[in-house]
There are 2 protein chains.
Amino acid sequence: MDFNDKQKQIIETAEQLFADRGFEGTSVRDIAEEAGINVAMISYYFGSKEKLLEALFSYRAGDTVQQLEGMIHHKVLAPLEKINLMIDFYINKFQRQQCFFKIMMREQVASQHGVTSGLIQHFKKRNQQLVKQLIQEGQKTGEFSKNIDVPVLMATLIGTTGHLMATQHFYREINHLQEMPDEQFQKLIKKKLSVHLKFLFKAILTHEI
Amino acid sequence: MDFNDKQKQIIETAEQLFADRGFEGTSVRDIAEEAGINVAMISYYFGSKEKLLEALFSYRAGDTVQQLEGMIHHKVLAPLEKINLMIDFYINKFQRQQCFFKIMMREQVASQHGVTSGLIQHFKKRNQQLVKQLIQEGQKTGEFSKNIDVPVLMATLIGTTGHLMATQHFYREINHLQEMPDEQFQKLIKKKLSVHLKFLFKAILTHEI
DNA sequence: AATTTAATCAAACAATTGTTTAATTATTTT
DNA sequence: AAAATAATTAAACAATTGTTTGATTAAATT
């Protein structure tokens, strides 16, 4: 999907508010006011509030899997190095699109009747298949252990990253980092997560440390 | 807080609906209808919808930390065994109170202005202090490594558990377990998480496998 | 048995919700 | 320059929101 500037402006405003207050907690008038446009423009451009959420998803979730595929397949690396690449890719994606992932987290918690659950399901499936392939590569060469539960492993990657990102205010407070500029703090948390998750994945995948 | 039977009935109905549709996505009339009571009873007993959410939190979050403290301090165990106890305690708690934890997950994602964020913050702080103590015990005896980042470690426990629980329908589908009775499936997922997380914690804490 | 307190209810309340309308202004195309 | 399309607007729409009211019934207390 391609959106014009005004549409992007609405989508991005909605994204921020949805992340902060939830989909149901945000009114179309909130969005319109924050974006500096008339309420009717939302229906005019997207049809409805629900379809605006769908538009947001196709705007963001777009070709994430393809990016990941491209990045990994076009490099000649050891299986574990590819896994590490994937870990950093995920952390970066999460960090650059924090608002969107907050919305995704919420939608995943909800019952599976919403307009987004199908999109998320599809996205997750393709992604897990890719990771499964990566792991099978490593198992063929004998570098990786057998009996790896991919969904559980991915739950660790996504769950840990998502939780720490969502509760970063708490992480700041407990470590007395309230005064640190956000840019610096994001770098810190990214590095922390990267080292931590790579360590965990190596332990699980190779049974070595 | 102690609630009478009718109050509990309302709280537990609200809990299910909040978990499924979110706080904003659930109307007081939904709750009243589902609980088989009059709408006015909610204001009558709790004052407001927001205060009903607060009541739910004090109803559930109650003495979780004390339970955990009691369970751990009153046993003579090696540090790692205490950690394992804590892991299983968390998984069990999460599994027995899935609706409540879904609500907590959502509330944590939201901006920090809600009525619950203070309660969650306080609960998390006390809990992390307890875990910190546990880890320091192990560090004194030399069983645990130095430089353990407790919040990151707890993000792995809570994040992984929460994510897998929230997306269990997906886990069922990808493993072709749609037909498995829920009781059996819950046991399976509990065991999976328990083994997985204990392995990860041991790797991080002892640098051994 | 009389009185007080608690519980329950349908109805009304004002505010807010997402969406549509019909008119007006900008922009593009002919 | 005229015509046609797109963008924008304030106002209205009906539906739903959380909450309150005032009356009625049930339970507890005296």
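Below, each value reflects all heavy atoms present in this structure, side chains not excepted, and no hydrogens, waters or symmetry copies. Just so we're on the same page: letters track the sequence lines, and every chain starts at 1.
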Peer 1: What verdict does the ring pair (Phe, Tyr, Trp, His ring centres under 6.0 Å) test give for B/F57 and B/F100, after you've listed the backbone C-alpha separation in whole Å, the side-chain angles of each residue and the deciding distance to 0.1 Å?
Peer 2: CA-CA 8 Å; B/F57 265 76; B/F100 178 64; 5.0 Å; yes
Peer 1: Does D/dA7 have OP1 or OP2 sitting under 4.0 Å from an N or O in the side chain of A/Y44?
Peer 2: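 Yes, such a contact exists.
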Peer 1: Could you tell me the separation between the CD1 atom of B/I37 and the P atom of C/dA10, rounded to a whole number of Å?
Peer 2: 12 Å
Peer 1: Once you round it to whole Å, what is the distance between C1' of C/dT16 and CZ of A/R21?
Peer 2: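 It is 14 Å, rounded to the nearest whole Å.
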Peer 1: Separation of A/D30 atom CG from C/dG18 atom C1', in whole Å?
Peer 2: 12 Å
Peer 1: Return no unless some side-chain N or O of A/N38 is found under 4.0 Å from OP1 or OP2 of D/dA10.
Peer 2: yes
Peer 1: Is it true that the side chains of A/S194 and A/K190 contain a donor and an acceptor less than 3.5 Å apart?
Peer 2: no
Peer 1: Over how many whole Å does the gap from B/Q7 atom CD to C/dA6 atom P extend?
Peer 2: 13 Å
Peer 1: Counting side-chain heavy atoms from CB outward, which of C/dG18, D/dG18, D/dT8 is closest to A/R29?
Peer 2: C/dG18
Peer 1: May I ask you to decide if the ring planes of A/F3 and A/F46 are parallel, tilted or perpendicular, using 30° and 60° as cut-offs?
Peer 2: tilted
Peer 1: What is the distance from CD1 of A/I42 to P of C/dG18, rounded to the nearest Å?
Peer 2: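 Nearest whole value for this atom pair: 9 Å.
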Peer 1: Whether A/K8 engages the ring of A/Y59 as a cation-pi pair (distance to the six-membered ring centre under 6.0 angstrom, angle to the ring normal within 45°) should be assessed.
Peer 2: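 No, cation not above the ring by the 6.0 Å, 45° rule.
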Peer 1: Compute both the distance and the angle, then confirm whether A/K202 meets the cation-pi test with A/F144: under 6.0 Å from the six-membered ring centre, within 45 degrees of the axis.
Peer 2: no
Peer 1: Expressed in angstrom and rounded to an integer, what is the separation of B/I31 atom CD1 from D/dT16 atom P?
Peer 2: 17 Å
Peer 1: Just the rounded figure in Å: distance from P of C/dT17 to CG of A/L17.
Peer 2: 12 Å
Peer 1: What integer distance in Å separates B/K49:NZ from D/dT16:C1'?
Peer 2: 12 Å
Peer 1: Name the closest nucleotide to the B/M41 side chain, picking from C/dT20, C/dA7, C/dT19.
Peer 2: C/dA7
Peer 1: Quick check for you: among D/dT8, C/dA10, C/dA7, whose closest atom lies nearest to any side-chain atom of A/Y45?
Peer 2: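 Nearest nucleotide to the side chain: D/dT8.
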Peer 1: Closest approach to the side chain of A/S43, judged atom by atom: which nucleotide of C/dT19, D/dT21, C/dA7 is it?
Peer 2: C/dT19
Peer 1: If you check every side-chain atom of A/S27, which of C/dT20, C/dA7, C/dT17 has the closest atom?
Peer 2: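 The closest nucleotide is C/dT17.
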Peer 1: With a cut-off of less than 4.0 Å, is there a side-chain N or O of A/K6 near OP1 or OP2 of D/dA6?
Peer 2: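 False: A/K6 side-chain N/O out of range (4.0 Å or more) of D/dA6 OP1/OP2.
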Peer 1: For the side chain of B/V39, starting at C-beta, report the closest nucleotide among D/dT19, C/dC9, C/dA6.
Peer 2: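 Out of D/dT19, C/dC9, C/dA6, the nucleotide with an atom closest to B/V39's side chain is D/dT19.
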